[in-house]
Structure formats: structure tokens, C-alpha cells
Amino acid sequence: SAVLPIATVGEKILAQHAQAVTVFDVSIQSLADDMLTTMLAANGVGIAAPQVFSSAAMFIMASRPNPRYPDAPNMRPVVVINPRILETSTQMELAEEGCLSIPDQRVKIWRHAQIKVQYHDLNGNLISDILVGFVARIFQHEFDHIQGITLLERSN
Ligand SMILES: O=C(O)C[C@@H](Cc1ccccc1)[C@H](O)SCc1ccccc1
Ligand SMILES: [Zn+2]
């Protein structure tokens, strides 16, 4: 597994809509592995494929307690492929976010407090889940990356 270069703001790949994953083969598994290694090396709690110059609709979310979110749940990293947000709560929460592609910036962002999501895992199985709190926030942050949206387009 390799630490991959991370695209920073201004790279056009960050503004592109990522392509759906259609083949769940070894190349996707190897990309997921490199994304995990890269995310851990950067102390992230998530990372999306476009951030490592791969236009695939795939991201990793890996909540863990951290100085900014001390009560964040400790979770095993989850590989999310072809994500969909099916339902969103009307309730929103405001919190500071960082982005591995926008170094040294913290932006307060409104996010849905709860979301119903659907995605495929690395084996191509369809997963449905309801996410709340910090994990819902990570999912929405990474989902934005898949749509070519970063914090800079969201900051109010
Ligand atoms: O750039 C990314 O996609 C990864 C972000 C994910 C994130 C999602 C929601 C809220 C904050 C960050 C990185 O994890 S930025 C580094 C970081 C780590 C822990 C807490 C806050 C920021
Ligand atoms: Zn980001």
C-alpha cells in the first residue's frame, strides 16, 4: 500500500463529478488500500478518490475521537462505493470542518444531522444505513467530493 499524493485546491479533479464504479476488481481494492494508507498518514477521518487524483465514486470514512470532536465514535474504516443519500433530516448542525485538500483552513459548515444512505462495499454488496452526528458529517463531506464540491463552495 502506498501513500498517494493529495490533490490540493485548484486541481481540476477536485471540481469534477467522479465516475461510478462498475467493476469490483483488484484495482478498486488496491485503490481503497492506498486511500486508507494515505488518509492515515494525513491523520484524516475520511478521504475521497478524487483527492488522490482518481475520478472514482468511492471514499473512506473512519471516525475516531480527535481534539475537535472528542466524542466522535471510534469506527473501523468503511469503504463506500457509489454512494447515494436517500433521505436527509430537516435538522441541521453547524460544526468546523477541515479538508485534506485545503490545508490550514477550518470552515464552519451546516450539515444534515441525520441521513439515510445507500452504497456498495468492496464486494459489490448493497448496504443501506442511517447515519447521525459526526459520521453523517464525514459522509456528507466525502459525498461532496464525489460531486466535485469542496468546503470553499459551501462556506457561508
Ligand atoms: O478532506 C477530507 O475529505 C477528509 C477530512 C474529512 C472531514 C470530514 C468532516 C469533518 C472534518 C473532516 C479530513 O479528515 S480533515 C482532518 C480532520 C481530522 C479530524 C477532525 C477534523 C479534521
Ligand atoms: Zn475534504
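We count ligands from 1, going down the list as the structure has it; atoms in each ligand are counted the same way. Quick note: numbers below take in every heavy atom, side chains included, and nothing from hydrogens, waters or symmetry partners.
With Arg137 contributing its side chain and Ile109 its backbone, the two residues share a donor-acceptor pair below 3.5 Å. Remark: the backbone N or O of Asp144 is not paired with any side-chain donor or acceptor of Gln147 at under 3.5 angstrom. Side-chain N or O atoms of Thr37 include none that pairs as donor or acceptor with a backbone N or O of Ser1 at under 3.5 Å. A donor-acceptor pair is defined here as one N or O able to donate and one able to accept, closer than 3.5 Å; such a pair exists between the side chain of Asp25 and the backbone of Ser27.
Under the ring-ring contact (aromatic ring centres under 6.0 Å, His included) rule, Phe59 has a single partner from Phe139, Tyr119, Phe143, which is Phe139. The side chain to side chain donor-acceptor pair (under 3.5 Å) test with Glu97 singles out one residue from Gln140, Arg68, Arg111, Lys108, and that residue is Arg111.
Asp121 is not listed as a side-chain neighbour of Ile81, based on a closest heavy-atom distance of 4.5 Å or more.
Atom 5 (C) of ligand 1 has as its closest protein heavy atom Gly98 O, 3.8 Å. Scanning the protein for heavy atoms near atom 4 (C) of ligand 1, the closest one is Gly46 O, 3.0 Å. Ranking protein heavy atoms by distance to atom 10 (C) of ligand 1, first place goes to Glu97 CG, 3.6 Å. Ranking protein heavy atoms by distance to atom 2 (C) of ligand 1, first place goes to His141 NE2, 3.3 Å. Summary of contacts: the protein heavy atom closest to atom 6 (C) of ligand 1 is Glu142 OE2, 3.5 Å. For atom 14 (O) of ligand 1, the closest non-hydrogen atom of the protein is Val45 N, 2.8 Å. Here the protein heavy atom with the shortest distance to atom 21 (C) of ligand 1 is Tyr69 CE1, 3.9 Å.
Under a 4.0 Å heavy-atom criterion, Ile102 is not in contact with ligand 1. Residue Gln51 places a heavy atom less than 4.0 Å from ligand 1.
In the displayed structure, Arg64 atom CZ is contacted under 6.0 Å by more than 12 heavy atoms of other residues, nucleotides or ligands.
Listed by atom number, the atoms of ligand 1 under 4.0 Å from Cys99 heavy atoms are 1 (O), 15 (S). Ligand 1 places these atoms under 4.0 Å from at least one heavy atom of Gly44: 14 (O).
Between atom 18 (C) of ligand 1 and the options Thr150, Asn43, Asn66, Ile109, the minimum heavy-atom separation is to Asn43.
Residues Ser128 and Gln118 bring a donor and an acceptor atom of their side chains to less than 3.5 Å of each other.
At under 3.5 Å, a nitrogen or oxygen of Leu100, whether backbone or side chain, sits near a nitrogen or oxygen of ligand 1.
The angle that Cys99 SG and His141 NE2 make at the Zn ion (ligand 2), rounded to 10°, works out to 130°.
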